[in-house]
Q: 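Here's a structure for you.
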Amino acid sequence: SSKLCSNHSKRSLTPRHLLELICAHYELSMDDLIGKSRERRFALPRQIAMYLLREELKCSFPTIGDHLGSRDHTTAMHACEKIHELVKSDDRMKRDVAHLREKMYSSSG
């Protein structure tokens, strides 16, 4: 099926747009975000991207992996679990994710 992410709203948010917002927020290039580096400054935004693709766009884990540099679906699963826990326990993460969600839905192109 070609409908890999169900955008359940009228908003035209695409996975690509979401990744661009994350790059802008963390001052990374798209290459940094989907690249192979495991440095924390790249890895954490990448995990947040996976989390938001899952939560907001309802992408499947294999699809999320594909969007982020052909990663394994288990990597995406792990990232979503990790960020889910961090949002509950870490105030800064909670703020970051809230801020990104706000941006996703306020910017209409």
Q: For residues 68-97, which residue pairs pass the ring-ring contact (aromatic ring centres under 6.0 Å, His included) check, not counting sequence neighbours?
A: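 For residues 68-97: none.
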
Q: Identify, with sequence neighbours excluded, every residue that meets side chain to side chain contact (heavy atoms under 4.5 Å, CB included) alongside Arg41.
A: Glu39

Q: Taking all atoms of both residues into account, what is the closest heavy-atom pair of Pro45 and Leu33, and its distance?
A: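 Looking at all heavy atoms of both residues, the shortest contact is C-CD1, 3.9 Å.
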
Q: Quick one: CG on Asp96 to CZ on Arg101, what's the gap to the nearest 0.5 Å?
A: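 Here the rounded value is 12.0 Å.
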
Q: To the nearest 0.5 Å, how far apart are CG in Asp90 and CZ in Arg95?
A: 8.5 Å

Q: Could you tell me which residues satisfy side-chain hydrogen bond (donor to acceptor under 3.5 Å, both in side chains) with Lys82, sequence neighbours excluded, listed by chain and number?
A: Gln47

Q: Is a donor on one side and an acceptor on the other found under 3.5 Å between the side chain of Arg46 and the backbone of Lys36?
A: no

Q: The criterion is side-chain hydrogen bond (donor to acceptor under 3.5 Å, both in side chains); which residues satisfy it with Arg40, sequence neighbours excluded?
A: none

Q: Taking side-chain hydrogen bond (donor to acceptor under 3.5 Å, both in side chains) as the test, write out the residues that go with Asp72, two or more places apart.
A: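 Thr74.
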
Q: Is there side-chain contact between Leu18 and Thr14, with heavy atoms separated by less than 4.5 Å?
A: no

Q: Do Leu57 and Leu52 touch side chain to side chain, with heavy atoms closer than 4.5 Å?
A: no

Q: Would you compute the distance between atom OG of Ser60 and atom CG of Asp66 and round it to the nearest 0.5 angstrom?
A: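 CG of Asp66 is found 7.5 Å from OG of Ser60.
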
Q: Salt bridge (Lys or Arg N to Asp or Glu O under 4.0 Å) with Glu20: which residues, sequence neighbours excluded?
A: Arg16

Q: Would you call Arg54 and Met77 a side-chain contact if the rule is heavy atoms closer than 4.5 Å?
A: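 They are not in contact (no side-chain heavy atoms under 4.5 Å apart), so the answer is no.
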
Q: What residues, two or more places apart in sequence or in another chain, satisfy side chain to side chain contact (heavy atoms under 4.5 Å, CB included) together with His99?
A: His25, Lys103

Q: Side chains of Glu56 and Tyr105: any donor to acceptor distance under 3.5 Å?
A: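 Looking only at side-chain atoms, Glu56 and Tyr105 do form a donor-acceptor pair, the distance falling under 3.5 Å.
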
Q: Going by side chain to side chain contact (heavy atoms under 4.5 Å, CB included), name the residues that satisfy it together with Asp32, two or more places apart in sequence or in a different chain.
A: Leu28, Ser29, Phe42

Q: Do Lys58 and Leu53 touch side chain to side chain, with heavy atoms closer than 4.5 Å?
A: no

Q: Is there a side-chain contact between Leu68 and Leu19, using heavy atoms and a 4.5 Å cut-off?
A: yes

Q: For the backbone of Glu102 and the side chain of Ser106, can you confirm whether one donor and one acceptor N or O come within less than 3.5 Å of each other?
A: yes

Q: State the CZ-CZ distance between Arg71 and Phe61, to the nearest 0.5 angstrom.
A: 15.5 Å

Q: Provide the closest heavy-atom pair for Ile34 versus His67 in the form atom of the first, atom of the second, distance.
A: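 Residues Ile34 and His67, closest heavy atoms: CG2-O, 3.6 Å.
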
Q: Could you pull out all residues at least two apart from Ser89 that satisfy side chain to side chain contact (heavy atoms under 4.5 Å, CB included)?
A: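 For Ser89 the side chain to side chain contact (heavy atoms under 4.5 Å, CB included) partners, ignoring immediate neighbours, are Leu86.
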
Q: Once salt bridge (Lys or Arg N to Asp or Glu O under 4.0 Å) is applied, do any residues pair with Lys88, and if so which ones, sequence neighbours excluded?
A: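 Here the qualifying residues are Glu85.
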
Q: How about Tyr26 and Leu100: do any of their side-chain heavy atoms sit closer than 4.5 Å?
A: yes

Q: Kindly write out the residues that satisfy salt bridge (Lys or Arg N to Asp or Glu O under 4.0 Å) with Glu27, not counting sequence neighbours, or none if the list is empty.
A: none

Q: side-chain contact (heavy atoms from CB on, under 4.5 Å) for Leu21 and Met104? Distances and angles first, verdict last.
A: CA-CA 7 Å; Leu21 283 174; Met104 284 159 55; 3.6 Å; yes

